[in-house]
Number of protein chains: 2
Amino acid sequence: MELIAIGEIIRERRKSRKVTQDDLAEIAGISIRTLRDIENGMGNPELETLVKICHALGLEIKVEVIK
Amino acid sequence: MELIAIGEIIRERRKSRKVTQDDLAEIAGISIRTLRDIENGMGNPELETLVKICHALGLEIKVEVIK
DNA sequence: AAAAAATAGGCATTTTATTGCCTATTCACT
DNA sequence: AGTGAATAGGCAATAAAATGCCTATTTTTT
């Protein structure tokens, strides 16, 4: 699970929902600046930040055993 | 996915591997202080920190659609 | 029961994510 | 092509995570 991968997942999901970065950031309760960085694979977000975004998109973060 | 849940998953996995916090922290490349906080559900770790720990334990962080 | 090992958490410091403000660039629509 | 919306990213300030040092408590081992 890399940053860029999460960013892409979030971006695709957001676009499929036809939501702007601005709207998603507001719904998730984070700044658009942070959302932008995450979608572009920059930085190293806090778990809570990711959870907020994912929740706003109907996504969930899970921990699984590597097979 | 809540903090306390991740902490418990990590702790259980670590114990099943018979590894101490000290050892796991060193293997993961983070401080024992941070690992301790995460296992006890305190704080709000960075994604990279979680990834390091999970990797050291053969665990993976995933994003899934909520059913 | 005693000793050693492991875990817990307070606190100050350092490092880094988040944020806001700004302008530039790209995209979508008429 | 032109216009407005959306996205991108630099930079400084702020907020918060990570770390190190310390002692206390709990757990394990002998």
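This structure is a prediction, so every number in the text was calculated from the model and none was measured. Below, each value reflects all heavy atoms present in this structure, side chains not excepted, and no hydrogens, waters or symmetry copies. Protein chains get the first letters and strands the later ones, always in sequence-line order, with residue 1 at the start of each.
Scanning both residues, B:Leu24 and B:Ile53, for their nearest heavy atoms gives CD2-CG2, 4.2 Å. Across all their heavy atoms, B:Ile61 and B:Cys54 have their closest contact at CG1-SG, 3.9 Å. Nearest heavy-atom pair, B:Leu35 versus B:Ala25, reported as atom, atom and distance to 0.1 Å: CD2-N, 3.8 Å. In terms of heavy atoms, B:Arg14 sits closest to B:Leu57 at CA-CD2, 3.9 Å.
Taking atom CD on A:Glu46 and atom P on D:dA17, their separation rounds to 5 Å, with Å as the unit. Atoms CZ (A:Arg36) and P (D:dG10) sit 12 Å apart, rounded to a whole Å. The separation between A:Glu39 atom CD and D:dT7 atom P is 7 Å, rounded to whole Å. Protein atom CG of B:Leu47 is 11 Å distant from nucleotide atom P of D:dA18, rounded to whole Å. Counting to the nearest Å, the P atom of D:dA6 and the CG atom of A:Asn40 are 17 Å from each other. The distance from atom CG of B:Leu35 to atom C1' of D:dA18 is 12 Å, rounded to the nearest whole Å.
Note on A:Ile6: it does not cluster hydrophobically with A:Ile32, by side-chain heavy-atom contacts below 4.5 Å among ILVMFWY residues. Cluster annotation: A:Ile10 and A:Ile27 are assigned to distinct hydrophobic clusters (Ile/Leu/Val/Met/Phe/Trp/Tyr, side-chain heavy-atom contacts under 4.5 Å, transitive).
Judged as a salt bridge (Lys or Arg N to Asp or Glu O under 4.0 Å), and not counting sequence neighbours, the contacts of B:Lys67 are B:Glu64. Listed by chain and number, the residues in a salt bridge (Lys or Arg N to Asp or Glu O under 4.0 Å) with B:Arg13 amount to none (sequence neighbours excluded).
Atom-to-atom distance recorded for B:Glu39:CD and B:Glu12:CD is 10.0 Å, nearest 0.5 angstrom.
Listed candidates were D:dT19, D:dA18, D:dG10. Nearest to the side chain of B:Thr49 is D:dA18. Checking D:dC21, D:dA18, D:dT7 against the side-chain heavy atoms of B:Arg33 singles out D:dC21 as nearest.
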Inset, instruction - Quick one: do A:Thr49 and A:Glu46 satisfy side-chain contact (heavy atoms from CB on, under 4.5 Å)? Show the steps, please. - result: CA-CA 5 Å; A:Thr49 303; A:Glu46 294 168 6; 3.9 Å; yes
Legend entry - Intermediate values then yes/no, side-chain contact (heavy atoms from CB on, under 4.5 Å), B:Gln21 and B:Arg11: CA-CA 9 Å; B:Gln21 289 180 340; B:Arg11 165 167 286 150; 3.6 Å; yes
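Within the structure, salt bridge (Lys or Arg N to Asp or Glu O under 4.0 Å) pairs that include any residue of residues 49-58 of chain A do not occur (at least two apart or interchain). The salt bridge (Lys or Arg N to Asp or Glu O under 4.0 Å) contacts involving residues 22-37 of chain B comprise B:Arg33-B:Asp37, where partners must be two or more places apart or lie in separate chains.
Contact footprint of chain A on DNA chain C: nucleotides with an atom under 4.0 Å from a non-hydrogen protein atom, first to last in 5' to 3' order, C:dA17 to C:dC21.
If you check residues 16-31 of chain A against DNA chain D, the residues with a heavy atom closer than 4.0 Å are A:Thr20, A:Gln21, listed by number.
With the end axes of the helix from C:dA1-D:dT30 to C:dT30-D:dA1 each set by five pairs, the angle from one to the other reads 70° at 10° resolution.
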Under 3.5 Å, which N/O atoms of the protein pair with N/O atoms of nucleotides 24-30 of chain D?
none

